[in-house]
Trainee: 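Please see the structure below; I have some questions.
Indexing begins at 1, ligand by ligand and atom by atom, following the structure's order.
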Amino acid sequence: MANKEKRILFSSEEIDKRNIELGEEISKDYEGKKLVAISLLRGSFIFASDLVRNISIPVEIDFLTTSSYGDQEETSGNVEIVTDIRSDIEGRDVLIIDDIMDSGYTMQYVIEHLKKKNPSSIKTAVMLDKPSRRKVDLKPDYIGFSIPDVFIVGYGLNYGDYYRNIPYIFTFD
Ligand code: IMP
Ligand code: MG
């Protein structure tokens, strides 16, 4: 893959613009609520940090690490919580933030896990959505961009151990 041609799907300017819009929408929807944003590591660390800086209402931020893809491009469906959140989310409004929803297995697992902690609501935000790949009945509440079935990298998304730091979203042709 590394010696293939890079094709940029979303530039960092396009990403910034979309984050401003999403932040405004979320701030409006959660006005007066007790929002806790939960960033799924490692993939969403960049998106989450950009998104929360565009949210203008008070927001508590926590992190949850799930078992990752490793070097493979396909998810197994065997999701595991590696490190749980630290905050008490009982009676709180939770927004789960991930880089991408692909099969949806990760998000479904995390939702079920967090429901046991009795939050008053749970919604999801992803920078990228690949609806054609879905294996479970789940649709993100906030979506940066919807994309076809292409393997993408950059903006937090990895291939192998690399590319998470690239500030735009691209694929290898
Ligand atoms: P899901 O459980 O199949 O929905 O996959 C979620 C996780 O798979 C994401 O948080 C990513 O870490 C990873 N993933 C899915 N699609 C891609 C991709 O195109 N590039 C890089 N990582 C991906
Ligand atoms: Mg990943």
Side-chain angles (χ1 to χ4, degrees), residues 1-12 14-16 18-19 22-23 26 36-52 54 61-85 89 94-117 122-173:
M1 259 211 196
N3 45 16
K4 289 189 180 169
E5 200 77 356
K6 263 188 194 175
R7 178 162 56 92
I8 298 178
L9 298 185
F10 303 103
S11 67
S12 74
E14 287 173 286
I15 295 169
D16 288 350
R18 194 67 192 110
N19 272 320
L22 287 174
I26 291 165
V36 187
I38 300 179
S39 160
L40 304 191
L41 298 176
R42 288 177 278 184
S44 82
F45 81 113
I46 304 259
F47 171 46
S49 70
D50 282 345
L51 183 63
V52 296
N54 284 295
I61 297 152
D62 208 333
F63 302 91
L64 185 151
T65 307
T66 58
S67 57
S68 85
Y69 257 38
D71 283 352
Q72 280 140 36
E73 297 176 25
E74 289 278 315
T75 192
S76 58
N78 294 319
V79 185
E80 250 180 72
I81 308 282
V82 179
T83 311
D84 204 353
I85 54 165
I89 59 168
V94 169
L95 180 66
I96 308 170
I97 304 175
D98 206 1
D99 50 0
I100 184 166
M101 194 181 287
D102 187 41
S103 69
Y105 286 138
T106 305
M107 195 59 94
Q108 189 182 50
Y109 189 89
V110 171
I111 290 171
E112 289 314 311
H113 169 77
L114 294 177
K115 267 187 187 165
K116 294 182 204 140
K117 300 175 190 281
I122 300 183
K123 278 197 197 180
T124 59
V126 297
M127 179 40 87
L128 296 148
D129 185 25
K130 280 190 206 171
S132 65
R133 301 259 306 169
R134 204 77 85 246
K135 296 272 170 53
V136 297
D137 185 20
L138 202 57
K139 199 180 156 293
D141 296 288
Y142 302 96
I143 298 169
F145 305 106
S146 217
I147 57 165
D149 182 10
V150 284
F151 191 76
I152 48 135
V153 258
Y155 198 65
L157 289 140
N158 63 308
Y159 176 63
D161 292 324
Y162 292 97
Y163 306 112
R164 291 193 197 273
N165 60 313
I166 307 297
Y168 49 85
I169 295 166
F170 69 99
T171 188
F172 290 105
D173 275 334

Trainee: Tell me which part of Lys130 gets within contact of ligand 1: side chain, backbone, both or neither, using heavy atoms under 4.0 Å.
Mentor: side chain

Trainee: Judged by non-hydrogen atoms, does Asp98 sit under 4.0 Å from ligand 1?
Mentor: yes

Trainee: Is there at least one pair of N or O atoms, one from Ile152 and one from ligand 1, spaced under 3.5 Å apart?
Mentor: yes

Trainee: Using distance alone, determine whether Thr106 and ligand 1 share an N or O pair under 3.5 Å.
Mentor: yes

Trainee: Can you sort out which atoms of ligand 1 are near Asn158, meaning under 4.0 Å from one of its heavy atoms?
Mentor: 21 (C)

Trainee: Between Tyr159, Phe151, Tyr109, flag the one that comes closest to atom 18 (C) of ligand 1 by a heavy atom.
Mentor: Phe151

Trainee: Assess Val79 for proximity to ligand 1: is some non-hydrogen atom of it under 4.0 Å away?
Mentor: no

Trainee: Please work out which of the three classes, parallel, tilted or perpendicular, describes the rings of Tyr155 and Phe47, given edges at 30° and 60°.
Mentor: tilted

Trainee: Where on Leu157 is there a heavy atom closer than 4.0 Å to ligand 1, on the side chain, on the backbone, on both, or on neither?
Mentor: side chain

Trainee: Would you say that more than 12 heavy atoms from the other residues, nucleotides or ligands in this model lie under 6.0 Å from the NZ of Lys6, or not?
Mentor: yes

Trainee: Nearest heavy atom to atom 4 (O) of ligand 1 wins, so pick from Gly154, Gly43, Gly104, Gly156.
Mentor: Gly104

Trainee: Over 60° means perpendicular and under 30° means parallel, so classify the ring planes of Phe172 and Phe170, tilted if in between.
Mentor: perpendicular

Trainee: If you count heavy atoms of other groups shown closer than 6.0 angstrom to CG of Asp137, is the number above 12?
Mentor: no

Trainee: Run the salt bridge (charged side-chain N to carboxylate O under 4.0 Å, His left out) test on Asp129 and Lys139 for me, step by step, so that the C-alpha distance in whole Å, both residues' side-chain angles and the decisive distance to 0.1 Å come before the verdict.
Mentor: CA-CA 9 Å; Asp129 185 25; Lys139 199 180 156 293; over 6 Å; no

Trainee: Would you please say whether a donor-acceptor pair under 3.5 Å links the side chains of Tyr105 and Lys135?
Mentor: no

Trainee: Can any side-chain N or O of Ser44 pair as donor or acceptor with the backbone N or O of Ile97 at less than 3.5 Å?
Mentor: yes

Trainee: Is there a heavy atom in Ser103 that sits closer than 4.0 Å to ligand 1?
Mentor: yes

